[in-house]
2 protein chains.
Amino acid sequence: MAAVNRRIVLASRPHGEPNAAHFRLEEGRVPTPREGEILLRTRWLSLDPYMRGRMSAAKSYAEPVAIGEPMTGETVAEVAASNNPDFQVRDLVTAFSGWQDYAVSTGKGLRRVDPALAPPTTALGILGMPGMTAYTGLLTIGRPKPGETVVVAAAAGPVGSLVGQIAKIKGAHVVGIAGGPEKCAYLTEELGFDSAVDHRGDDLPGALAAACPKGIDVYFENVGGAVFEAVMPLLNDFARMPVCGLVAGYNATELPEGPDRTPILMRAILTKRLHLQGFIVWDFADQAPAFQRDISDWLRAGRVKYREDIVDGLENAPEAFIGMLRGRNFGKLVVRVA
Amino acid sequence: MAAVNRRIVLASRPHGEPNAAHFRLEEGRVPTPREGEILLRTRWLSLDPYMRGRMSAAKSYAEPVAIGEPMTGETVAEVAASNNPDFQVRDLVTAFSGWQDYAVSTGKGLRRVDPALAPPTTALGILGMPGMTAYTGLLTIGRPKPGETVVVAAAAGPVGSLVGQIAKIKGAHVVGIAGGPEKCAYLTEELGFDSAVDHRGDDLPGALAAACPKGIDVYFENVGGAVFEAVMPLLNDFARMPVCGLVAGYNATELPEGPDRTPILMRAILTKRLHLQGFIVWDFADQAPAFQRDISDWLRAGRVKYREDIVDGLENAPEAFIGMLRGRNFGKLVVRVA
């Protein structure tokens with residue numbers, strides 16, 4: 001066991017796109033668990049777009065990370081020492097232990113990971129928070145019916161790729177939006193999407209309209225910006241729009257130029273009787289057993305697939321995170337820490 | 001029976017606020033019902049904000065009125081002649097027979113009005129389309145829980161006044177927004193609202209915040225514009241927003257000045273997990289029996305009240321309609337035609 005705990009702290013709050021200077025790698029002593037506590041050693045760290053929000057002081061559904069504190073994040077960690085009879089050394093768990101090598105926990109909120117059932121990293125992806133975000137948002141708010149058209153952006157990512165695959169299982173016509181020909185080919189050739197649209201192409205609105213000849217019944221919103229603008233005119237009456245992310249705007253430093261287009265959106269909501277609903281995965285915590293059961297079944301049956309983008313070394317987490325906000329990852333972004 | 005059928009047709013499409021020149025009073029022959037048909041004589045004509053949309057060519061949930069055709073509208077009409085065994089002369093019905101003295105109908109879609117049960121004009125108000133809009137939108141989308149705060153604008157109008165009264169029956173804290181001290185006094189003194197905010201006052205955001213110390217859980221949206229801007233920052237997590245009208249923008253000729261504030265709304269939807277849903281009353285047609293039963297019960301028990309603003313003479317319909325879009329009516333606006 002290393003005698004040093006490396007941790008990546010928030011050095012300053014970004015105005016716009018984060019860069020390396022907003023993070024700082026610090027070294028400290030490995031903490032010592034007290035009676036009833038355990039010492040966790042981070043094996044894998046999940047990197048997710050929501051973390052950009054935690055770097056800002058703006059009010060959101062969670063508190064921001066304080067300056068000088070480790071970045072928050074979910075990990076798969078190994079119990080390295082235990083003063084808690086419920087945990088044995090070498091047990092694997094998921095924990096919100098952040099961007100660091102070690103953390104102490106009382107055991108509260110940890111979820112056990114059984115490496116015999118699935119690769120441990122899936123607890124951060126398809127069987128974890130991103131997977132459950134896709135499952136709950138699509139099925140509870142989106143509610144696709146057979147034959148309806150479902151559109152999802154960031155479709156090669158961990159949330160979007162599962163949204164599309166579940167929508168296919170439910171009988172929908174599925175269109176994914178992704179950046180670049182490689183990701184688009186992956187959607188149609190590997191994941192069974194009906195079509196894929198490259199948002200880097202010349203004419204996103206035209207390409208999306210061509211891929212959705214019957215309009216759009218469900219738009220799973222995790223991007224916003226230009227993609228949302230292209231989706232809006234194609235929405236059918238009674239379309240549903242689960243909203244779980246707006247990554248295209250996370251680095252924005254000012255509002256887009258005018259005029260104020262809010263009345264266009266409100267008029268569409270009224271005249272098309274749209275249903276927009278924001279959510280975060282914890283709002284649907286009671287669906288966790290159904291989610292685990294269904295996705296495990298579908299994984300075993302080969303009906304859903306996943307892809308991971310593994311980066312080596314905690315010290316490389318900031319660069320990988322910055323790249324993710326630019327769409328550089330291809331699959332669930334995970335840092336192998338130890 | 002008059003030998004002349006007066007009708008008010010759409011003379012031209014307004015750009016901005018409608019004026020008298022957009023309407024034309026024409027006289028023609030009273031139509032003759034064929035076999036199986038009936039002749040309807042308009043007794044009362046309902047005037048409602050949605051009619052402004054029908055004057056425009058823009059795509060909406062209903063077809064626009066054609067130039068030279070009578071304005072559409074719901075009426076309480078009397079059967080003046082019948083070649084249909086299901087209808088007797090002097091029967092009262094509601095019909096979508098428009099801004100005219102007479103119309104022919106097959107009987108399809110007519111709803112009988114029993115003047116022994118309630119004044120016939122209530123079939124155009126609290127027991128009709130506006131009442132059912134309030135009932136279905138509030139209870140199906142808004143779903144107020146006891147102790148929650150419900151805000152409604154145009155609160156002295158036929159939809160808003162019932163929204164607030166139903167919300168009170170459901171145990172909510174109810175705040176109405178209306179124009180002028182007389183309407184505001186009516187809300188709190190006659191209808192039992194907890195408070196009323198005058199949108200013509202100096203500081204609408206401040207006054208609304210003071211009236212909603214625990215934030216807003218349900219905002220019944222029928223106005224848009226400055227009222228919506230004042231509501232937005234006060235919305236609580238998981239707030240619901242039935243959207244059934246945007247009357248503040250119906251006469252707008254251009255979008256508001258920039259910047260584009262759409263991302264502010266989308267970010268609020270995401271971080272507060274808001275639920276916005278557009279609807280029109282016909283989307284909930286299956287709730288008509290429950291609506292009729294509940295409102296009739298509450299009327300008999302004195303638990304809900306209504307107010308009508310009756311204008312005499314079909315020829316005065318255009319002026320009354322133009323005034324309604326400026327908030328000049330006080331209660332359900334109905335034209336007494338015959």
Side-chain angles (χ1 to χ4, degrees), chain A residues 49-50 53 56 58-62 137 140-141 221-225 227-229 232-233 235 237-250 252-284, chain B residues 49-50 53 56 58-62 137 140-141 221-225 227-229 232-233 235 237-250 252-284:
Chain A
Y50 76 82
S56 296
K59 184 174 166 14
S60 183
Y61 48 78
T140 308
I141 302 171
E221 173 65 296
N222 50 14
V223 167
V227 171
F228 179 53
E229 293 288 321
M232 265 244 282
L235 290 171
D237 285 356
F238 306 107
R240 286 82 65 198
M241 209 171 116
V243 180
C244 82
L246 297 164
V247 68
Y250 286 177
T253 56
E254 54 187 23
L255 291 169
E257 274 187 19
D260 179 5
R261 295 165 57 79
T262 311
I264 297 177
L265 173 58
M266 291 304 296
R267 185 173 188 280
I269 291 173
L270 172 61
T271 61
K272 296 182 175 182
R273 288 93 105 203
L274 306 179
H275 174 172
L276 280 71
Q277 190 173 340
F279 75 102
I280 61 170
V281 65
W282 316 121
D283 299 337
F284 299 121
Chain B
Y50 76 84
S56 297
K59 183 173 166 13
S60 185
Y61 48 78
T140 308
I141 302 171
E221 172 65 297
N222 49 13
V223 168
V227 171
F228 179 53
E229 292 289 322
M232 264 245 282
L235 290 171
D237 285 357
F238 306 106
R240 288 82 66 197
M241 209 171 114
V243 180
C244 82
L246 297 164
V247 69
Y250 286 175
T253 55
E254 52 187 24
L255 291 168
E257 276 187 19
D260 180 5
R261 295 164 58 78
T262 310
I264 296 178
L265 174 57
M266 292 303 296
R267 185 171 189 279
I269 292 173
L270 172 62
T271 60
K272 294 183 175 181
R273 290 94 104 199
L274 306 179
H275 174 172
L276 278 72
Q277 190 173 339
F279 75 103
I280 61 171
V281 63
W282 318 121
D283 299 337
F284 299 120

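This one's a predicted model, so the numbers in the text were calculated from it and none came from an experiment. Letters A, B, ... mirror the listed sequences (proteins, then strands); counts begin at 1.
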> Do you know which of B:Glu257, B:Glu221, B:Met241 has the most heavy-atom pairs with chain A at a distance under 4.5 angstrom?
Replying inline: B:Glu257

>> Using the rule given for side chain to side chain contact (heavy atoms under 4.5 Å, CB included), can you reason through B:Arg261 versus A:Arg261, listing the C-alpha separation, both sets of side-chain angles and the distance that settles it, and then say yes or no?
In response: CA-CA 7 Å; B:Arg261 295 164 58 78; A:Arg261 295 165 57 79; over 6 Å; no

> Where on B:Lys272 is there a heavy atom nearer than 4.5 Å to chain A: the side chain, the backbone, both, or neither?
Replying inline: neither

> Measuring heavy-atom distances to chain A, does B:Tyr50 have an atom under 4.5 Å in its side chain, in its backbone, in both, or in neither?
Replying inline: neither

>> Which atoms of B:Ile141 are under 4.5 Å from chain A, going by heavy atoms: the side chain, the backbone, both sets, or neither?
In response: neither

> With sequence neighbours left out, what residues match A:Arg273 under salt bridge (charged side-chain N to carboxylate O under 4.0 Å, His left out)?
Replying inline: A:Asp237, B:Asp283

>> At a heavy-atom distance under 4.5 Å, which candidate from A:Ile280, A:Leu246, A:Leu276 has the highest pair count against chain B?
In response: A:Leu276

> Any idea which heavy atoms bring B:Thr262 and A:Leu265 closest together, and the distance?
Replying inline: CG2-CD2, 3.9 Å

>> Report which part of B:Arg240 has an atom under 4.5 Å of a heavy atom belonging to chain A: side chain, backbone, both, or neither.
In response: neither

> Hey, are the side chains of A:Leu274 and B:Gln277 touching, using non-hydrogen atoms and a 4.5 Å cut-off?
Replying inline: no

>> If I compare all heavy atoms of A:Pro256 with all of B:Pro259, which pair ends up nearest, and what's the gap?
In response: O-CB, 3.2 Å

> Picking from A:Ile269, A:Ile264, A:Leu270, which has the most non-hydrogen pairs under 4.5 angstrom with chain B?
Replying inline: A:Leu270

> With a 4.5 angstrom heavy-atom cut-off, which part of B:Glu254 approaches chain A: side chain, backbone, both or neither?
Replying inline: neither

> Taking A:Gly278, A:Pro263, A:Gly258, A:Cys244 one by one, which has the highest count of heavy-atom pairs under 4.5 Å against chain B?
Replying inline: A:Gly278

> Between A:Asp260, A:Thr271, A:Leu255, which shows the greatest number of heavy-atom pairs under 4.5 Å with chain B?
Replying inline: A:Asp260

> side chain to side chain contact (heavy atoms under 4.5 Å, CB included) between B:His275 and A:His275: does it pass, once the steps are laid out?
Replying inline: CA-CA 7 Å; B:His275 174 172; A:His275 174 172; 3.2 Å; yes

>> Under the rule for ring-ring contact (aromatic ring centres under 6.0 Å, His included), what residues qualify as partners of A:Phe284, not counting sequence neighbours?
In response: A:Phe279

